[in-house]
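What follows is a short report on a single structure.
No experiment lies behind these values; they were computed from the predicted model shown.
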Amino acid sequence: MKTKLLLMLLPIMLLFAGSCSGLLDDLIEEAEGEYDEKRAEVQILGKWNAYEYYSNDFYQEGVSNPKDFSTVNQVGVLLKYESRSGSCSTKMEQFEQRLDHFKLEFRVSDKVILETKDYFKATTYDNECTARTDTDGGVDKEELPYRLDAANGMLYLTEDEDTNYEVGFQILNLTDDNLHIRYDSNGEFIDIKLRR
């Protein structure tokens with residue numbers, strides 16, 4: 001009698017087990033996703049130094065053949081370019097800039113310390129075409145709020161806390177030793193590779 005009852009219930013139990021396997025797979029995937037997000041939150045903490053930095057942030061107005069620096073690793077490289085954006089229409093303004101270092105330090109407090117050391121020199125002209133040279137540079141440190149959206153592979157830095165304006169970087173790679181982020185919006189491009 002027990003065997004007959006067991007044989008009658010076996011197909012029902014197999015159907016039930018089959019229908020639950022999809023639910024079990026969903027639960028496992030959800031748990032893995034939560035684990036990956038928590039792991040990313042821990043992995044990003046600490047100090048990161050850029051070893052590659054690419055950008056197209058060079059304004060070369062009035063230049064017939066502007067230089068394309070977007071493929072040049074700009075860390076430690078002195079870049080020179082020209083522009084005709086000033087008041088004197090007969091002379092080209094001369095610019096030099098160098099990024100000595102770019103560092104990020106992610107803290108548990110959801111704040112990031114952004115540190116850059118750079119050099120900038122501009123030779124511009126006034127209305128009478130008289131040259132004026134300005135230099136700027138040094139170490140600049142900022143503390144910014146950040147938000148990590150590991151599920152969508154995004155890192156958001158809040159540039160202006162008054163307006164909550166966020167700049168979103170796509171996370172292309174995040175391991176224990178490497179971080180690769182990219183910003184690409186409205187023609188502006190920044191690609192940064194960092195390591196511990």
Side-chain angles (χ1 to χ4, degrees), residues 44 47-107 111-147 153-174 178-196:
I44 204 161
K47 296 179 181 182
W48 298 90
N49 296 311
Y51 63 95
E52 290 185 29
Y53 186 101
Y54 302 92
S55 165
N56 66 349
D57 190 19
F58 300 91
Y59 302 102
Q60 303 175 64
E61 297 177 26
V63 178
S64 57
N65 291 321
K67 295 178 181 178
D68 180 15
F69 294 113
S70 64
T71 59
V72 176
N73 180 4
Q74 297 166 19
V75 176
V77 176
L78 183 65
L79 304 172
K80 298 179 180 184
Y81 58 98
E82 297 178 331
S83 180
R84 194 186 305 271
S85 58
S87 305
C88 180
S89 62
T90 60
K91 298 199 179 205
M92 295 297 282
E93 296 176 329
Q94 308 291 317
F95 297 93
E96 296 179 3
Q97 71 183 59
R98 180 182 63 239
L99 177 65
D100 292 318
H101 72 244
F102 179 94
K103 298 179 180 182
L104 297 173
E105 181 183 348
F106 293 94
R107 297 188 171 174
K111 298 276 188 178
V112 62
I113 304 295
L114 168 64
E115 179 182 313
T116 57
K117 181 179 180 191
D118 59 2
Y119 165 79
F120 182 78
K121 178 180 175 183
T123 302
T124 59
Y125 298 91
D126 62 15
N127 291 343
E128 298 166 1
C129 293
T130 304
R132 176 182 163 181
T133 300
D134 294 312
T135 58
D136 189 20
V139 176
D140 184 34
K141 272 188 177 184
E142 286 184 84
E143 183 176 53
L144 303 169
Y146 78 91
R147 181 171 59 89
M154 295 295 291
L155 169 67
Y156 295 97
L157 302 180
T158 304
E159 262 191 23
D160 186 349
E161 288 188 77
D162 295 332
T163 61
N164 285 329
Y165 177 72
E166 291 184 322
V167 177
F169 287 87
Q170 181 182 7
I171 300 172
L172 301 175
N173 185 26
L174 174 59
N178 291 291
L179 173 62
H180 184 188
I181 56 177
R182 177 177 294 151
Y183 172 80
D184 194 355
S185 178
N186 299 324
E188 191 175 341
F189 168 79
I190 302 171
D191 191 277
I192 310 168
K193 293 181 181 179
L194 305 106
R195 62 179 156 225
R196 294 203 191 266

When rounded to the nearest 0.5 angstrom, what distance separates [atom1] in [X] from [atom2] in [Y]?
| X | Y | atom1 | atom2 | answer |
| --- | --- | --- | --- | --- |
| T124 | R132 | OG1 | CZ | 6.0 Å |
| L172 | I181 | CG | CD1 | 9.0 Å |
| K91 | R84 | NZ | CZ | 11.5 Å |
| I190 | S185 | CD1 | OG | 10.5 Å |
| E142 | E159 | CD | CD | 7.5 Å |
| K103 | K117 | NZ | NZ | 9.5 Å |

For the ring pair F106 and Y146, is the centre-to-centre distance below 6.0 Å?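 Ring centres of Y146 and F106 closer than 6.0 Å.
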Closest approach of [X] to [Y] (non-hydrogen atoms, all atoms of both residues):
| X | Y | answer |
| --- | --- | --- |
| K80 | K67 | O-NZ, 3.0 Å |
| Q170 | M154 | CA-SD, 3.7 Å |
| Y125 | C88 | CB-CB, 3.6 Å |
| N56 | G187 | ND2-O, 2.8 Å |

Quick one: are [X] and [Y] in side-chain contact, heavy atoms under 4.5 Å?
| X | Y | answer |
| --- | --- | --- |
| L104 | I113 | no |
| D191 | Y53 | no |
| C129 | T90 | yes |
| T135 | F120 | no |
| F95 | S83 | yes |
| Q97 | Y119 | no |
| I171 | F169 | no |
| L155 | L174 | no |

Step by step, would you call L179 with N173 a side chain to side chain contact (heavy atoms under 4.5 Å, CB included)? CA-CA 5 Å; L179 173 62; N173 185 26; over 6 Å; no
Partner of Y51 by side chain to side chain contact (heavy atoms under 4.5 Å, CB included), out of I192, N178, L194: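 Exactly one candidate clears the test, N178.
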Do [X] and [Y] sit within salt-bridge range, that is, some charged N less than 4.0 Å from a carboxylate O?
| X | Y | value |
| --- | --- | --- |
| K141 | E115 | yes |
| R98 | D100 | yes |
| E166 | R147 | yes |

T116 side chain to D118 side chain, donor-acceptor N/O pair below 3.5 angstrom: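 Their side chains do not contain a donor-acceptor pair, so the 3.5 Å distance test is not met.
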Do Y81 and E96 pair up side chain to side chain, a donor and an acceptor below 3.5 Å, judged on atom types alone?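 Absent: no donor and acceptor within the cut-off.
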With a cut-off of 6.0 Å (strictly less than), are more than 12 heavy atoms of other residues, nucleotides or ligands near NZ of K111?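 Check passes, neighbour count above 12.
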R196, CZ atom: more than 12 neighbouring heavy atoms under 6.0 Å: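 Atom CZ in R196 is packed in, count exceeds 12.
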Show your reasoning for whether side chain to side chain contact (heavy atoms under 4.5 Å, CB included) applies to F189 and D57. CA-CA 7 Å; F189 168 79; D57 190 19; over 6 Å; no
Going through the distances and angles, do E188 and N186 end up as a side chain to side chain contact (heavy atoms under 4.5 Å, CB included)? CA-CA 6 Å; E188 191 175 341; N186 299 324; 5.7 Å; no
Check step by step if side chain to side chain contact (heavy atoms under 4.5 Å, CB included) holds for V167 and Y156. CA-CA 5 Å; V167 177; Y156 295 97; over 6 Å; no
Would R195 pass as a cation-pi partner of W48, given that its NZ or CZ must be under 6.0 Å from the six-membered ring centre and within 45 degrees of the axis?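 Verdict for W48: no cation-pi partner in R195.
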